[in-house]
Amino acid sequence: MNRKFCAFVVLLAASSSSIAACSGKDVLQNPNGRYLLPHDGPKRNPNDCCSFIGDNDFPLLGFMPMPSANVMDNMAVADNPSCINYSAFQLYKDAGFNYVTPCYTREGFQTPDVHKSMKICNDLKLGYLVNDPVFKGDSLNGTVQPLSVEEYKTQMETKWYFNEPCFAGLSVKDEPTLKDFDMLGNISNALLEVDPSKLMFCTILPSYAPDEMLQIEEYRKTMSHWEAYQRYTEDYITKTNSQIVSFDYYLNHVFKMPIEGVYSEDFLLNLSYFASICKTYNIDYWAYAAAYGHGGRAQYTSEELKWIVNTQLAFGAKGMVYYTYWSIIPGYKMADWINPTRSGLVTGNGIPHDTYFIIKDINKNIHAIEEILKPSEFVCVAQYGDKKLNISPDVEVNTYSPIYNISGGDALVGIFNNNNKKVFYIINNSINCGIKTFKVSLTSKKNIHLLNSSIDKNIDDSYCASFNLSAGEAVLMEVE
């Protein structure tokens with residue numbers, strides 16, 4: 001079903017707004033007490049949250065990582081041994097991850113486990129997003145009473161982990177509903193006052209979530225589901241003023257099959273929307289890839305995972321989250337929990353699954369290009385070849401100078417600006433075609449730099465560049 005984008009109406013400041021100082025940074029304060037940075041103001045760099053994370057390091061997060069000895073009911077078996085040790089965290093870092101957010105624990109927050117985890121992260125120089133039940137705030141079932149901005153601020157000022165070098169921010173309520181946003185706004189505003197550099201990491205629901213899960217019934221009285229979902233997303237951004245917005249869209253959750261022949265219109269519609277809305281509000285978005293095959297869903301192939309991750313990078317994602325790193329499988333017996341065909345990147349007994357090495361290779365490619373891709377500003381996408389995906393006209397162009405044509409196979413191209421250079425992220429837009437030799441023809445002679453984990457090549461004063469890409473693989477092309 002074809003759906004058109006609604007116009008984005010950005011209301012960032014009320015008439016009586018005033019400038020208020022917030023821990024040394026000026027922010028816009030509106031009458032209801034929420035702090036909103038002007039969308040045309042300087043962009044906050046989420047990587048400022050931790051000294052271990054460089055300005056252009058690409059955020060890579062395995063959700064969820066190493067569990068403690070006791071974990072929340074229905075998230076995994078309760079009698080597993082503690083996996084909080086150096087070797088487990090080193091294995092995590094070796095896969096290219098630079099951020100950690102902990103598993104839910106049975107009691108919610110086990111201080112000795114957090115101390116141990118953060119000590120290891122300090123030594124290994126990993127950014128740590130603390131999962132503290134005080135800041136999980138569940139406004140639906142009342143397990144944690146939502147607090148005011150001042151009450152959250154008081155709580156933060158007493159937390160020992162704010163002084164840890166690895167502390168990067170708070171991992172708050174996962175997949176919140178519309179009714180949770182006021183509470184999350186209070187947490188975010190308190191964090192802005194205590195330390196505006198720290199992240200509030202929160203993954204909002206995907207567009208395929210039903211109305212009752214999103215709690216958008218009031219919007220649905222006058223809107224389509226897609227229009228109401230856009231309001232849900234924009235409400236999150238404006239009410240929380242987070243430095244990032246993250247959403248978890250899983251193709252194998254929706255279709256329970258390989259993506260060839262689907263290339264989900266809805267998936268691409270989501271990417272188009274987040275690319276547009278985050279450009280409007282001048283913030284980053286972190287995307288998800290499902291690295292598991294439990295619940296009767298299809299396990300992604302290597303080609304599918306590469307295509308999913310690279311496509312999201314082409315649409316301007318500035319962080320990548322994989323669910324799940326450790327095998328945290330609800331409702332399964334121990335035999336399933338350690339079964340590689342149902343596992344995340346690492347099985348329940350700590351053994352790397354084949355997917356671990358696939359993601360390690362994908363992350364290696366991201367780190368190879370991050371110095372260029374991370375600071376580059378998303379512009380649009382273009383497609384070349386016979387296969388054309390259904391992408392919103394809001395973000396797609398037919399061609400973009402200085403590219404005249406790309407031949408040799410189907411290509412999806414993310415287009416970026418980086419100072420005086422054009423950056424093109426070129427993907428082999430297939431998951432089953434094998435290796436293709438692509439040729440990029442330019443409108444005039446340019447200096448070209450080709451880069452990925454296996455290519456680092458300069459081509460001076462040329463009309464064209466050629467390179468090989470396997471299915472789903474990508475190369476970054478910088479043109480000056």
Side-chain angles (χ1 to χ4, degrees), residues 45-47 52-62 90-99 124-127 284-289 291 302-322 325 345 352 355-378 381 406 411-419 421-429 431 435-438 440 446-460 465-480:
N45 185 353
N47 286 12
F52 297 154
I53 310 296
D55 285 349
N56 294 328
D57 288 350
F58 202 92
L60 296 170
L61 174 65
Q90 186 65 60
L91 185 71
Y92 180 84
K93 183 174 182 177
D94 288 346
F97 296 107
N98 47 23
Y99 281 93
L124 295 180
K125 300 190 183 307
L126 293 164
D284 289 345
Y285 77 91
W286 293 7
Y288 268 72
S302 172
E303 292 79 11
E304 288 170 337
L305 278 168
K306 289 176 182 178
W307 182 86
I308 290 168
V309 172
N310 286 325
T311 296
Q312 294 183 109
L313 297 183
F315 276 81
K318 296 299 184 182
M320 186 58 59
V321 186
Y322 301 94
Y325 175 79
L345 305 190
T355 314
Y356 172 92
F357 299 100
I358 295 170
I359 298 302
K360 182 178 181 179
D361 185 58
I362 291 172
N363 288 346
K364 180 181 178 182
N365 183 68
I366 293 174
H367 285 307
I369 63 175
E370 63 190 358
E371 285 292 327
I372 298 173
L373 186 62
K374 180 66 167 62
S376 296
E377 180 185 358
F378 173 79
V381 295
I406 299 178
L412 175 65
V413 184
I415 301 167
F416 301 80
N417 284 327
N418 188 356
N419 296 321
K421 298 178 181 179
K422 301 293 184 185
V423 176
F424 302 92
Y425 196 60
I426 304 170
I427 306 168
N428 181 340
N429 195 24
I431 61 170
I435 296 175
K436 294 282 188 178
T437 300
F438 290 86
V440 180
K446 299 288 183 181
N447 294 328
I448 302 166
H449 182 201
L450 297 174
L451 184 64
N452 64 21
S453 58
S454 58
I455 301 172
D456 189 353
K457 181 179 180 182
N458 289 302
I459 306 171
D460 297 331
S466 297
F467 45 85
N468 295 330
L469 294 176
S470 61
E473 192 179 12
V475 67
L476 184 144
M477 185 179 80
E478 188 178 36
V479 177
E480 187 176 13

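Position 1 is the first residue of the sequence; numbering continues from there. For clarity, every value in this text was computed on a predicted model and none was experimentally measured.
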Closest non-hydrogen atom pair, [X] against [Y]:
X	Y	result
G96	H367	O-NE2, 2.7 Å
Y285	A317	OH-N, 3.3 Å
K318	P59	O-CD, 3.1 Å
L305	I359	CD1-CD1, 4.1 Å
D55	N47	O-ND2, 3.3 Å
L451	A368	CD2-O, 3.3 Å

What do the steps show when you test F438 against V475 for side-chain contact (heavy atoms from CB on, under 4.5 Å), and what is the final call? CA-CA 11 Å; F438 290 86; V475 67; over 6 Å; no

With heavy-atom distances below 4.5 Å as the criterion, would you say the side chains of [X] and [Y] are in contact?
X	Y	value
K306	D361	yes
D57	K374	no
I431	E304	yes
H449	I372	yes
N417	K422	yes

side-chain hydrogen bond (donor to acceptor under 3.5 Å, both in side chains) between K436 and N468, intermediate numbers included: CA-CA 6 Å; K436 294 282 188 178; N468 295 330; over 6 Å; no

Identified salt bridge (Lys or Arg N to Asp or Glu O under 4.0 Å) partner of E478 from the options K446, K421, K457: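 So the option named by the test is K421.
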
Could you check whether the rings of F97 and Y92 sit parallel, tilted or perpendicular, using 30° and 60° as the cut-offs? parallel

Applying side-chain contact (heavy atoms from CB on, under 4.5 Å), run through I366 and V309 and close with a yes or a no. CA-CA 10 Å; I366 293 174; V309 172; 4.0 Å; yes

Would you check if the side chain of [X] reaches a backbone N or O of [Y] as a donor-acceptor pair within less than 3.5 Å?
X	Y	result
N365	S453	yes
D460	N447	no
N98	L60	yes
E473	N428	no

Measuring from atom [atom1] of [X] to atom [atom2] of [Y], what distance do you get when rounded to the nearest 0.5 angstrom?
X	Y	atom1	atom2	answer
S376	E371	OG	CD	10.5 Å
D94	N363	CG	CG	11.5 Å
M477	I455	CE	CD1	12.0 Å
I53	K125	CD1	NZ	11.0 Å
F378	L373	CZ	CG	11.5 Å

Testing N452, N310, T311 for side-chain hydrogen bond (donor to acceptor under 3.5 Å, both in side chains) with Y425, which one passes?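 Option passing the side-chain hydrogen bond (donor to acceptor under 3.5 Å, both in side chains) with Y425: N310.
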
Going by the ring-ring contact (aromatic ring centres under 6.0 Å, His included) test, name the single residue among W286, F52, Y322 that passes it with Y99. W286

Is there a side-chain contact (heavy atoms from CB on, under 4.5 Å) between L91 and Y325 once you walk through the steps? CA-CA 11 Å; L91 185 71; Y325 175 79; 3.8 Å; yes

side-chain hydrogen bond (donor to acceptor under 3.5 Å, both in side chains) for N429 and W307? Distances and angles first, verdict last. CA-CA 7 Å; N429 195 24; W307 182 86; 2.8 Å; yes

